[in-house]
Amino acid sequence: MAMEDEDNNTAVVATNTQTGIKKGDNGACIDRQPDTVVHRAGLNQTAGRGSRSGPGAHATTGIRVLKAGHNRNMKRNGSRGCVTRKTRFGSRERDWLKGDTQRGCVCLYGGTVDPQLPASGPQASSTPQTDLQLVLCSTSTTVEELCAQRDGQGLYVQLHGDLVRRLDPTERPLHMVYDYLAAMGYTDPVRVQQEAANSDLSCLIRLYSERPVNADQQERTLLTGVFSVRKGKTQLHKWAERQVILCGTCLIVASVKDSLTGKMHILPLVGGKVEEVKRRQHCLMFSSAGSQAQTYFVNFDTLADYQRWHRQASKVVSQTVSLVDLSCYSLEAVPEYLFYSQDITHLNLRHNFMSLQGPGGLLNLPRFSQLKSLNLSHNRLGVFPECVCEILTLTELNLSCNSLHTVPVQIGNLQSLQTLSLDGNHLSSLPEELGGLSQLNSLGLSFNNFTHIPAVFERLSAVDKLAMAGNRVESLELCTLARMSHLKNIDLRLNGLRCVKSESLEAVNQVTQLDLRDNCLDSLDLSCVCNLETLHCQRNQLGTLTLSGFTLRMFHASSNRLITVNIYPVPNQLTHMDLSQNLLEYLPDWVCDCRKIEMLDVTHNLLSELPSRLFNSLSLRKLLAGNNHLQRVPDLLDHVPLEALDLQHNKLVELPESLFYKTLNLKYLNVSANALESIPPSSQSEESLSTLQELYLTRNNLNENCGALLVGHQSLRVLHIAYNQLLSFPASKLSKIELLEELNLSGNKLKTIPSTVSSCKRLHTLIAHSNHITVFPEILNLPEIKLVDLSCNELTEIQLPDSLPATLQELDLTGNSSLMLEHKTLNLFSHITTLKLDQKSTTSAGDSLNTSTPWNHGYSEMSGQRNKLCVSVLALDRFGDSVEACYGIFDGDRNEEVPRLLQCTMGDVLCEEVQHSSIDSVYMSNTFITSHRKLGMAGQKLGASALLCYIHHEPSEPGGYLSLTVANVGTCQAVLCRDGRPVPLSKVYSLENCTEEMERVKLSKAIITEDNKVSGVTCCSRLLGCSYLSPWVLPKPWVHTEPLCSQDEFLILGNRALFERVSYQEAVCTVQAVRDPRAAAKKLCSLAQSYGCKDNIGAVVVSLHISEDSCTCEPPVSTTEPRGPPPAPFPVSVIPGSNDTVMLSSSSGIVSEFNSETSASEVGSEAGSTASDEHPSSGPASRPERRCSLHPASTLCGIMMPGSAGPGTHPGLFQRQPSCATFSSNQSDNGLDSDDEAPLEGVISNGSKLEVEVDIHCCAFQLRSGAPESPKDLDFEKRGSDYPNGKTRRQNTVVVSATNGCLLAVCGREIADLKKSPSTSSLFGKKLSNGSVVAPEDSHNLIEVALEAPKKKSGYFTAPAQQDPEDQLIVPPCLEQEVREQLRGHSPLVSGPCAPSTPPSLKDPVWDHPHPPAFAPNLVPGPGPTPILQQEVYDTAL
């Protein structure tokens, strides 16, 4: 209703056209005489519309402009000036879109704002930052037609907040937007039409009516002005007003004021000086270099001008060469003044849109008489600019990534050319004239369309490298290389190479380096390449390999099918050899004869033994032999220089007795996942010479006796001895390992950790989860302690020192069911960045509400050796109103912002998408693509792998079988255990693992670097975010649906780091051996760390309990069963008259994770609202209305009600997942709204504390189990509230504070009263323009600068707003009383729990007309005790 009557609420100037229609070439109707109609509040006038009657009406184009001026509420969504108003036009405009998907809306922004500039303060976004026009047109409307209607000069497009390009007159803007959305993955034309009208899309693609002004760009390309100038250092010259220009490498001074027609004085600045003149204010002295140096004094009018000129001139004079860098400036031509800089030798025009014509076009580049280096890469040229062939002084020319198809014969004119880069084009041949460039020594032809090696290389005798990676050469004849005797380095990666032929006996003597990675070779014989030094042939299908060993130094052949390798003669020069991930059952004899071998990697093979001669090699320093079938290690006969030894995942029962005292240089030893029962002594005497620093003994059969054998390793820094049989650790022995920094004792049977651990002064990490520890160890007095994990133990109390070390960042005490924490303890823990606590529920069995789910979960996240955690987890055991669940994991690799944003919003997006479609591939794909769009500016440069698992009933059978739908992008993976066997459910979207994706990226002419990364950035071809890498990297996910059955035991979700170290089968066996999902997830992460992972690790384990018939529907709870006393509306009692914060005892039934760095950025994020901006539900396949994913029916203001947890759920883990603030998604987003909005009531944060003010009346309807009681209950949570901004009218309120472990309950108090309270006054700091309250010292608007975001620990992500006040129902004062009486009749009081009932269908009219809730006066919190079970949410520490 509010949306349809929008024209009645706002004064909008609409320009329509109905006369003077001119037929365009494409059949579009262009209106020339606009008829302006004003829509004002309370009026419903009809504007004229272009004639569309008749048979050809569907092909016409009506162009209509809606201006968004000061009457519109302008907000920011990640980029400044981005309008978050989801619908900017009324009902008649929506009629334009109906029935024809070729129609749509184009948002045109003015050019007065730089979209990349962050807000400069509270005033920055209080006024509209750009002139927005909405133009209704069709896909056939061209730029020329739009400009003619608007009297404009042209249109510009900006992708991903990056470069701005002028559109050609024949280009079609709406068609361009539609194509962009289709490339992202949207398939439904109607959805494409709706997304194109969403202004959130402007962070991905934005259209401008004029070129946007970028002051910073202008400063770096051209500075000009009229200033007082004096020539020379003597006083004989007078000051005069002159036009002064700083462009390129020169200072240009006109001889006539305000005129450039006279003589121009040129002052070269490279190598010169620019100095401040202290005798005059704002005066600079410019001097050129050399014996004939000239000097000019320039007196500036303002300090700003003075600083700007000084900054830019200082860069020029500091250069050693005459270099002008104009890359990434969206230039169509170079500044005309640049041609005065005739000393320019290097000109960089990369990433622009240079044109041939014009005063500064490419045709004028030959005017630079000394130009040696020219970079024109990424300029969308389309054709080779022949004019550059006239710059005869060129020695370096780069024309990469310009869609070139041919090279002109004029290239032969550049006789001085030494380097020519033509990578990333569409070339398939080269002209013969290119062979005449005798000085050319580097020719780049990678990622073109060559099917053979061009014959012109035979004449290019100075070229020593054949750079042809990413072409289409399927066959290589070695005799061809023999004719090119000057080529030493051959790069033929990614060519689809199928065979290498050596038919003749002619030797290929000149080739020393050969790269054949990522091809399709099944055999390779390079015995005729006699002088080969380095060979790369990874990721082929090689079964046999024959090489010449005369000069071989490095040899990499991993990820093949090799059974043996033949090298003759013995490669005595070989130093590095990688044969990992093959099928070797034994090592060839020649390996032991290599005299200089230093590194040997034979992991993931089938080796059953290692030759004794190899192990006793006097040159071997690094031996990696993990994941084989080794049963024993040869004895060491003499001292060897071995420094690193990896023998994990074998069948070793013992190690050689002399291992440690015969390898005195050994620094790293990993023997995890074996069957060791003891370890060898460190020396033969009491004095040890061991230099061992890292020792990994995880998952063996070691007992406490091994502790005494570790004493000799006094240099030990890292010790992992998890998952063994340790009953204790000798206290006297631990005290002697004083240099220990990291200790992992998890998964043993320890009851205590020796107090002597306090002697390890350098210890920063202690992980001892999954033991039987009852006493908290004495570790909090260690000066460098950072992380302590004592979860899943039997702790009962904690004795703390008077103060905690400032270095402590994370403390995990979850899974200690008997732990009791005092108020003083919680206060002492308040400064810890991440504190994880839980406790058992006080709910008795009789109080259970029987709302258990057939699954429960656990999770674990470990930062490893990284200083920040870039993995986030989403886990909802109850998703919506029915028996469904949603789990996800997000890995940002090296950024933490995007995973946080996805964690905050992706569940809500899925909740919305399932309303619009019942097809799994559609709603899952749209969930990912929409989440990608909602990342805003953060998603332009940053990205993340994402995996989402949705457990649901089939739409056709809501009460029947359960299915699991999995969608993923990137490298996060999901594995289902079925009958004890792993069933992979996801697809790894990395270039190395997915041939189809590699081919797609190659076809789009991306540059893939040698480490298989797109543009050197990411190895993933599909991610959420990183939109600047489009179309190479896309957000469209892999979607797979698997029906669940009773044989399905559990589900494992993990990121790349987990499954790189732990195989699917091992992961399944690991979880099977541990009953508790949380302990199982922690075990997986600990194992991955012990296996050598240094990166962030994340794991989620979901235990499944599917019934025999795969039906999990439970009968409704009978209303006649006794349930015990009804629970009180809220369990917190208020201490009257107390000024202190009410402290939360660990026995009070509230479970929390306290995070001192929780900020509003984790409650409402850039990713934005997920309900108000999506298209309405349509079609017969629409699903029933569901609640927000972060607010299941059994949730009470972030606290899960009794019985809502699954059988194995960890009761009450309160984490930094935004679920802890359970206002609706609409309000969640608005907790951090834009500067022109009023502050959201109840969201209070000072950077280290977060409070959420919640209306206690929202608790009433959630105190019963199962589905909502009535439509009115559901209406309360619907986002389209009848109150402005969707905010609920507050009466009595409760402030839930995650501060210092406290819960503050305030009844009937206003925020003003809170500010006066001594206990809460510290929570009110500087008020931001976005409605948040923070301490003045905290940094904000972190999402405004995406590239700097990872450097900051906190900040505010300006979220897309909820519906504007203009979108709400406005009741005139004269009708207010009547409306209230009508609404009161539809809104009975909510008084208490009642029997569960079936939710009404969508046809029920009550669902379509939400009413404001009526509140019972008896819902004020009382002093009576109430049992609670806290909702579990996930911690991710900043």
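Every heavy atom of this structure was used, including side-chain atoms; hydrogens, water molecules and symmetry mates were not. Numbers here are sequence positions counted from 1. Predicted model only: the values in this text are computed from it and were never measured.
Between Asn566 and Tyr568, the side chains place no donor N or O within less than 3.5 Å of an acceptor N or O (distance only, hydrogens not considered). For the residue pair Lys1005 and Asn449, a side-chain donor N or O sits within less than 3.5 Å of a side-chain acceptor on the partner. A donor-acceptor pair shorter than 3.5 Å cannot be found between the side chains of Asp423 and Ser421. Thr575 and Glu598 share no donor-acceptor pair across their side chains, judged by distance under 3.5 Å alone.
Leu478 places a side-chain heavy atom less than 4.5 Å from the side chain of Cys528. For the pair Pro611/Leu587, a side-chain contact is recorded, criterion being any heavy-atom separation below 4.5 Å from C-beta on. Side-chain contact between Ser1086 and Asn744: present, with at least one pair of heavy atoms (C-beta onward) separated by less than 4.5 Å. Side chains of Ile1007 and Cys401 form a contact here, defined as non-hydrogen atoms less than 4.5 Å apart. Looking only at side-chain heavy atoms (C-beta outward), Val966 and Leu947 come within less than 4.5 Å of each other. A 4.5 Å side-chain heavy-atom check between Asp578 and Gln538 finds every atom pair outside the cut-off. Side chains of Glu992 and Cys1019 form no contact here, defined as non-hydrogen atoms less than 4.5 Å apart. The shortest side-chain heavy-atom distance between Leu1023 and Ser945 falls under the 4.5 Å cut-off.
In the displayed structure, Arg981 atom CZ is contacted under 6.0 Å by at most 12 heavy atoms of other residues, nucleotides or ligands. Surrounding CZ of Phe450 are more than 12 heavy atoms belonging to other residues, nucleotides or ligands, all under 6.0 Å away. For Ile563, the CD1 atom sits in a loose shell: 12 or fewer heavy atoms of surrounding residues, nucleotides or ligands are nearer than 6.0 Å. With a 6.0 Å radius and a threshold of 12 heavy atoms from other residues, nucleotides or ligands, Lys987 has its NZ atom above the threshold. Atom CZ of Arg498 sits in a sparse spot, with 12 or fewer heavy atoms from other residues, nucleotides or ligands closer than 6.0 Å. When the shell of 6.0 Å around CG of Asn665 is examined, it contains more than 12 heavy atoms from other residues, nucleotides or ligands. Atom CD of Glu609 is surrounded by 12 or fewer heavy atoms from other residues, nucleotides or ligands within 6.0 Å.
Separating the CZ atom in Arg894 from the CG atom in Leu942 is a distance of 13.5 Å, to the nearest 0.5 Å. For the atom pair Ser672 OG and His720 NE2, the distance stands at 8.5 Å (nearest 0.5 Å). Distance CG/Leu532 to OG/Ser527: 11.0 Å, rounded to 0.5 Å. Put simply, CG on Asp515 and CZ on Arg517 are 4.0 Å apart, with the number rounded to the nearest 0.5 Å. Once rounded to the nearest 0.5 Å, the distance linking CG of Asn509 with SG of Cys530 reads 5.0 Å. Residue Arg1022 holds its CZ atom at 6.0 Å from CG of Leu1034, rounded to the nearest 0.5 Å.
Look at Asp522 and Arg561 and you find no salt bridge, because none of the NZ, NE, NH1 or NH2 atoms lies under 4.0 Å from a carboxylate O. Using a cutoff of 4.0 Å between basic side-chain nitrogens and carboxylate oxygens, Glu1010 and Arg493 are not scored as salt-bridged. Comment: Arg699 engages Glu1066 in a salt bridge, judged by a side-chain N to carboxylate O separation of less than 4.0 angstrom.
The heavy-atom pair separating Tyr668 from Leu692 by the smallest distance is N-CD1, 3.9 Å. In plain terms, the two heavy atoms of Arg866 and Cys870 that are nearest each other are NH2-SG, 3.7 Å. Across all their heavy atoms, Asn895 and Gly943 have their closest contact at ND2-O, 2.8 Å. Shown here for Leu422 and Asn448, the closest heavy-atom pair between the two residues is O-ND2, 3.0 Å. Smallest separation of non-hydrogen atoms from Val473 and Leu497: O-CD1, 3.1 Å. The two residues Ala946 and Leu1024 come nearest to each other via the heavy atoms CB-CD1, 3.8 Å.
A side-chain donor-acceptor contact under 3.5 Å links Asn560 to the backbone of Asn540. The backbone N or O of Ser863 lies less than 3.5 Å from a partner atom in the side chain of Asn1096, making a donor-acceptor pair. Put simply, the side chain of Asn993 never gets that close to the backbone of Thr971: no donor and acceptor are under 3.5 Å apart. Judged by distance alone, the side chain of Trp590 and the main-chain N or O of Val565 form a donor-acceptor pair under 3.5 Å. With hydrogens and angles disregarded, a donor-acceptor distance shorter than 3.5 Å links the side chain of Asn582 to the backbone of Ala557. Looking only at distances, a side-chain donor or acceptor of Thr551 sits under 3.5 Å from a matching main-chain atom of Asn531. The main-chain N or O of Leu445 is found under 3.5 Å from a side-chain atom of Asn471 such that the two form a donor-acceptor pair. Using modelled atom types, one side-chain atom of Ser986 and one backbone atom of Ala974 make a donor-acceptor pair closer than 3.5 Å. Judged purely by atom type and a 3.5 angstrom limit, Asp491 has no side-chain atom pairing as donor or acceptor with the backbone of Lys465. Between the side chain of Asn1055 and the backbone N or O of Cys972, no donor-acceptor pair lies under 3.5 Å.
A side chain to side chain donor-acceptor pair (under 3.5 Å) with Asp1095 is found for exactly one of Gln865, Arg1056, Gln1089, namely Arg1056.
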Item to complete: Show the numbers, then the answer: is there a side chain to side chain contact (heavy atoms under 4.5 Å, CB included) between Ile1008 and Met998?
Response: CA-CA 9 Å; Ile1008 302 173; Met998 176 72 83; 3.5 Å; yes
Item to complete: Evaluate the criterion side-chain hydrogen bond (donor to acceptor under 3.5 Å, both in side chains) for residue pair Gln581 and Ser558; output intermediate values, then yes/no.
Response: CA-CA 6 Å; Gln581 300 185 31; Ser558 61; over 6 Å; no
Worksheet item: Does the pair Phe457 and Leu443 meet the rule for a side chain to side chain contact (heavy atoms under 4.5 Å, CB included), with working shown?
Response: CA-CA 9 Å; Phe457 271 100; Leu443 176 59; 3.7 Å; yes
Practice prompt. Could you walk me through whether Arg539 and Asp518 pass salt bridge (charged side-chain N to carboxylate O under 4.0 Å, His left out), step by step?
Written response: CA-CA 5 Å; Arg539 292 178 296 279; Asp518 299 287; 2.8 Å; yes
Worksheet item: Passes side chain to side chain contact (heavy atoms under 4.5 Å, CB included), Leu521 versus Cys537? Steps please.
Response: CA-CA 9 Å; Leu521 298 171; Cys537 57; 5.9 Å; no
Discussion item. Evaluate Thr663 against Leu669 for side chain to side chain contact (heavy atoms under 4.5 Å, CB included), listing each step before the verdict.
Written reply: CA-CA 11 Å; Thr663 56; Leu669 175 63; over 6 Å; no
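Ring to ring, Tyr1091 and Tyr696 are not that close: their centroids are 6.0 angstrom or more apart.
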